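In what follows, every heavy atom counts, from backbone to side chain, and hydrogens, waters and symmetry copies are set aside. Just so you know, these numbers come straight off a predicted model, no measurement behind them. Numbering starts at 1 and runs along the sequence shown.
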Amino acid sequence: MKNSMQIDTSFWDKHRGKIFSRKGGWLIEKGVFCHGYEINRELVGKISYFQMMILNATGRLPERRFADLVEANFIGLSWPDPRIWCNQIGALGGSVRTSVVAATVAGVLSGDSRTFAQKPVLEGMGFIQRALALKKQGKTVEEIVDNECKRTGGKPMIVGYARPIANGDERVAPVERLAKEMGFEIGDHLQLAYDIESILSEKYNEVMNINGYISAFLSDHGYSAEEGYRICAVLVNSGVTACYIDTLERPPESFLPMRCDDIDYQGPPPRKVPDKE
């Protein structure tokens, strides 16, 4: 007996053999379009690369100074230090002679973790936006901090604050100074971020890190947490590429080499392979 249930395939039939885009594309003899802008006539030579990157990530073209501050944040967050794990992947790529693209993309992907690089922006913006909503509902800043600490067993492990190795964050001050020079005012999210920092500093000797600052800054300019995450998708690529080049210029397989006896093997003891009969 045939199944009498009819499945509506009209949506897929409409898209079969066709490519649709709401973002842009090349229209022969008309131009190349991006979110309503003709790239060659309206954007090339008139906006910065970071303005273009944010336009593609969010669908909105930001003002130049905003894009310049985001760019400054990228510079401060992509160090050529091979001890950082995403950079280690780039360094390993150079050591085994893979391509610069493969090494850099693999390093960027490794940065897509909850505790480092791109994902903390997603969580940091989510936190500061929730916190501001709670404050507008009547919660005090201290109550917001205490409730957030309860979620982590009483520890001040609030995303956007503290740092796993060092106390303080030297990356915040240069971006703060640049924002002031550019004429940016402190918005509601950033002011709340500072108020939270004040309580965490007094109670736990912890301060805001660069993720906390940029999360509040992006939130004050109307970006959602998901949009902030998209803007920061390739945040670490520059440092990864630098570490790739560093090991590419050295003898092959010289980055973190290991001897067999460096491995702490804890499995079954060696056993003989039976001889063939």
Is any side-chain heavy atom of Leu69 closer than 4.5 Å to one of Val175? yes
Strictly by ring-ring contact (aromatic ring centres under 6.0 Å, His included), give each pair with a member in residues 162-207 just once, sequence neighbours left out. Phe184-Phe217, Phe184-His221
Side chain to side chain contact (heavy atoms under 4.5 Å, CB included) between Val207 and Leu200, worked out: CA-CA 6 Å; Val207 296; Leu200 285 173; over 6 Å; no
For residues 13-33, which residue pairs pass the side chain to side chain donor-acceptor pair (under 3.5 Å) check, not counting sequence neighbours? Thr9-Asp13
Can you find a heavy atom in the side chain of Leu192 that is under 4.5 Å from one in the side chain of Val141? yes
Residues which pass salt bridge (charged side-chain N to carboxylate O under 4.0 Å, His left out) with Lys155, listed by chain and number, not counting sequence neighbours: none
Using 0.5 Å steps for rounding, measure from the OG atom of Ser238 to the CG atom of Leu77. 11.5 Å
Checking Asp195 against Gln191 for the side chain to side chain donor-acceptor pair (under 3.5 Å) test, could you report, in this order, the C-alpha distance in whole Å, the side-chain angles of both residues, the deciding distance, and whether it holds? CA-CA 6 Å; Asp195 293 342; Gln191 184 57 60; 3.1 Å; yes
With sequence neighbours left out, what residues match Trp79 under ring-ring contact (aromatic ring centres under 6.0 Å, His included)? none
Non-neighbouring partners of Glu123 that pass side chain to side chain donor-acceptor pair (under 3.5 Å), sequence neighbours left out: Arg114
Working to the nearest 0.5 Å, report the span between CD1 of Ile75 and CZ of Arg171. 14.0 Å
Given side chain to side chain contact (heavy atoms under 4.5 Å, CB included), test Glu226 with Leu122 step by step and report yes or no. CA-CA 6 Å; Glu226 180 61 33; Leu122 180 66; 3.9 Å; yes
If we only count heavy atoms from C-beta on, is the Ser110 to Trp85 side-chain gap below 4.5 Å? yes
Sequence neighbours excluded - side chain to side chain donor-acceptor pair (under 3.5 Å) pairs with any residue from residues 208-219: Gln129-Ser219, Asn211-Ser215
If you link ILVMFWY side chains whenever their heavy atoms are less than 4.5 Å apart, which other residues fall into the same cluster as Phe33? By chain and number, please. Leu27
For residues Val32 and Asn40, determine if any side-chain heavy atom of one lies less than 4.5 Å from a side-chain heavy atom of the other. yes
When Ile231 is tested against each of Val70, Asn56, Val121, Ile214 for side chain to side chain contact (heavy atoms under 4.5 Å, CB included), which residue passes? Val70
Less than 4.5 Å apart, side chain to side chain, heavy atoms only: is that true for Ile245 and Glu249? yes
Pairs flagged by side chain to side chain donor-acceptor pair (under 3.5 Å) wherever residues 178-188 is involved - sequence neighbours left out: none
Assigning hydrophobic clusters by single linkage (Ile, Leu, Val, Met, Phe, Trp, Tyr; side-chain heavy-atom cutoff under 4.5 Å), is Met208 placed with Ile199? yes
Check whether Leu248 and Ile84 end up in the same hydrophobic cluster, where Ile, Leu, Val, Met, Phe, Trp and Tyr are linked by side-chain heavy atoms less than 4.5 Å apart. no
Are Tyr161 and Glu148 packed together at the side-chain level, in the sense that at least one heavy-atom pair is separated by less than 4.5 angstrom? no
Applying side chain to side chain donor-acceptor pair (under 3.5 Å), name anything that partners Gln266, two or more places apart in sequence or on another chain. Asp264
Nearest 0.5 Å please: distance from the CG atom of Asp68 over to the CD atom of Gln51. 7.0 Å
Can you list the residues that meet the salt bridge (charged side-chain N to carboxylate O under 4.0 Å, His left out) rule with Glu253, with sequence neighbours excluded? none
Please confirm whether the backbone N or O of Gly93 pairs with a side-chain atom of Thr98, one donor and one acceptor, at under 3.5 Å? no
Ala242 to Pro80 - nearest heavy-atom pair and separation: CB-CB, 3.6 Å
Quick one: do Leu218 and Leu55 end up in the same hydrophobic cluster if we chain Ile, Leu, Val, Met, Phe, Trp and Tyr together by side-chain heavy atoms under 4.5 Å apart? no
Asp262: what forms a side chain to side chain donor-acceptor pair (under 3.5 Å) with it, not counting sequence neighbours? none
Same apolar cluster: Ile186 and Ile196, side chain cutoff 4.5 Å: yes
Listed by chain and number, what are the side chain to side chain donor-acceptor pair (under 3.5 Å) partners of Glu197, not counting sequence neighbours? none
Salt-bridge contact Lys203-Asp146 (side-chain N to carboxylate O under 4.0 Å): yes
So Asp112 and Tyr229, do their side chains get closer than 4.5 Å, heavy atoms only? yes
For Met53 and Phe74: C-alpha separation, side-chain torsions, deciding distance, then whether side chain to side chain contact (heavy atoms under 4.5 Å, CB included) applies. CA-CA 12 Å; Met53 185 184 74; Phe74 269 57; 3.9 Å; yes
I'd like to know whether Met182 forms a side chain to side chain contact (heavy atoms under 4.5 Å, CB included) with Phe66, so could you lay out the CA-CA distance, the side-chain angles of the two residues, the decisive distance to 0.1 Å, and finally the verdict. CA-CA 9 Å; Met182 289 178 167; Phe66 175 85; over 6 Å; no
So, do Arg64 and Ser48 sit near enough that their side-chain heavy atoms are less than 4.5 Å apart? yes
If Ile, Leu, Val, Met, Phe, Trp and Tyr residues are connected whenever their side-chain heavy atoms lie under 4.5 Å apart, and connections chain through other members, are Met52 and Leu61 in the same group? yes
Pair Glu227 + Arg230: basic N to acidic O under 4.0 Å: no
To the closest 0.5 Å, what do you measure between CD1 (Ile158) and SG (Cys149)? 4.5 Å
Got more than 12 heavy atoms from elsewhere within 6.0 Å of OH, Tyr49? no
